[in-house]
Amino acid sequence: VHLLALWRAHELDRLLREAWSAGAILCGVSAGMNCWFSASVTDGFGGLAPLNDGLGLLEASACPHYNNEGRRPAFHQAVMGGFPPSYAPEDGAALHFIGRELSAVVSSHPNAKAYRVEVRNGQLVEEELAIRLLGNGTARREQ
């Protein structure tokens with residue numbers, strides 16, 4: 001929340017968008033992941049709450065730390081409340097986008113998972129994404 005406000009106050013949001021459009025690689029962990037999406041669940045307000053004004057480079061919503069801090073139920077509520085289709089990596093998992101398309105999900109931890117979360121026909125649907133385990137060259141759950 002505070003990071004986005006500072007970026008906007010100093011027009012860094014515009015510069016980041018220009019850099020991304022020119023092919024720069026952008027990355028981030030936790031809030032640094034949330035910022036690239038249109039919406040996310042954040043603890044930047046004190047408790048967990050929806051944030052609906054991310055930079056929107058990725059027209060989806062996100063929830064890092066999906067397996068911790070009570071984020072899963074808070075994110076489910078936000079998605080049911082109208083969040084765009086979503087990505088939810090657990091600790092140790094990372095999403096790799098090329099442009100606006102999800103290219104891969106990778107993990108440094110053999111038990112980490114990531115999900116696509118959305119509402120279909122009024123029901124919350126959580127689909128586990130295929131993950132490539134990094135470090136020893138073996139795949140864990142390639143689908």
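The residues of the chain are indexed from 1 along the displayed sequence.
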Test salt bridge (Lys or Arg N to Asp or Glu O under 4.0 Å) applied to Glu126 and Arg116, Arg72, Arg120, Lys113, the passing residue |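 Between Glu126 and the candidates, salt bridge (Lys or Arg N to Asp or Glu O under 4.0 Å) is satisfied uniquely by Arg72.
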
Quick one: [atom1] on [X] to [atom2] on [Y], what's the gap to the nearest 0.5 Å?
X      : Y      : atom1 : atom2 : value
Leu133 : Asn111 : CG    : CG    : 9.5 Å
Leu58  : Ser40  : CG    : OG    : 11.5 Å
Gln77  : Phe83  : CD    : CZ    : 10.5 Å
Leu102 : Tyr87  : CG    : OH    : 5.0 Å
Arg8   : Asp53  : CZ    : CG    : 4.5 Å
Glu59  : Trp36  : CD    : CH2   : 15.5 Å

For the residue pair [X] and [Y], what are the closest heavy atoms and their distance?
X     : Y      : result
Ser86 : Val79  : OG-CG2, 3.4 Å
Ala49 : Phe45  : CB-CD1, 3.7 Å
Gly70 : Pro73  : O-CD, 3.4 Å
Met80 : Gly122 : CE-O, 3.6 Å
Arg71 : Cys63  : CB-SG, 3.7 Å
His2  : Gly44  : NE2-O, 3.8 Å

After noting the C-alpha distance and the side-chain angles of Leu4 and Leu55, does the key distance pass the side chain to side chain contact (heavy atoms under 4.5 Å, CB included) rule?
-> CA-CA 8 Å; Leu4 288 167; Leu55 294 179; 3.8 Å; yes

Please tell me if the side chains of Asn34 and Leu51 come closer than 4.5 Å, counting only heavy atoms from C-beta onward.
->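 No, too far: nothing below the 4.5 Å cut-off.
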
Report yes if some heavy atom in the side chain of Leu15 is under 4.5 Å from a heavy atom in the side chain of Asp13; otherwise report no.
->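 With C-beta onward as the side chain, the pair stays apart.
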
Do Leu48 and Val117 sit in the same hydrophobic cluster, where Ile, Leu, Val, Met, Phe, Trp and Tyr count as joined when their side-chain heavy atoms come under 4.5 Å apart?
->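 Yes, one cluster joins them.
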
Spell out, yes or no, whether Val41 and Tyr66 are grouped together once hydrophobic residues are joined by side-chain heavy atoms under 4.5 Å, including indirect joins.
->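 Looking at the clustering, Tyr66 is in the same group as Val41.
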
Asn67 side chain to Asp91 main-chain N or O, any donor-acceptor pair under 3.5 Å?
->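 Yes, the answer is positive, given that a donor and an acceptor are paired below the 3.5 Å cut-off.
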
Output yes when a side-chain donor or acceptor of Ser61 lies under 3.5 Å from a complementary backbone atom of Pro84, and no otherwise.
->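 Checking the backbone N and O of Pro84 against the side chain of Ser61, a donor-acceptor pair under 3.5 Å is found.
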
More than 12 foreign heavy atoms under 6.0 Å from CD of Glu69: is that the case here?
->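 Yes.
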
Counting only heavy atoms not in Gln123, do more than 12 fall under 6.0 Å of its CD?
->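 No, the 6.0 Å shell around CD holds no more than 12 heavy atoms from other groups.
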
Is there a side chain to side chain contact (heavy atoms under 4.5 Å, CB included) between Leu3 and Leu6 once you walk through the steps?
-> CA-CA 5 Å; Leu3 175 74; Leu6 284 171; 5.9 Å; no

Between Phe75 and Tyr115, does the ring centroid distance fall short of 6.0 Å?
->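 Between Tyr115 and Phe75, which both carry aromatic rings, the centre distance is not below 6.0 Å.
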
Report the C-alpha distance between Leu26 and Leu57 in whole Å, list the side-chain angles of each, state the deciding distance to 0.1 Å, and finish with yes or no for side chain to side chain contact (heavy atoms under 4.5 Å, CB included).
-> CA-CA 10 Å; Leu26 305 177; Leu57 300 180; 3.7 Å; yes

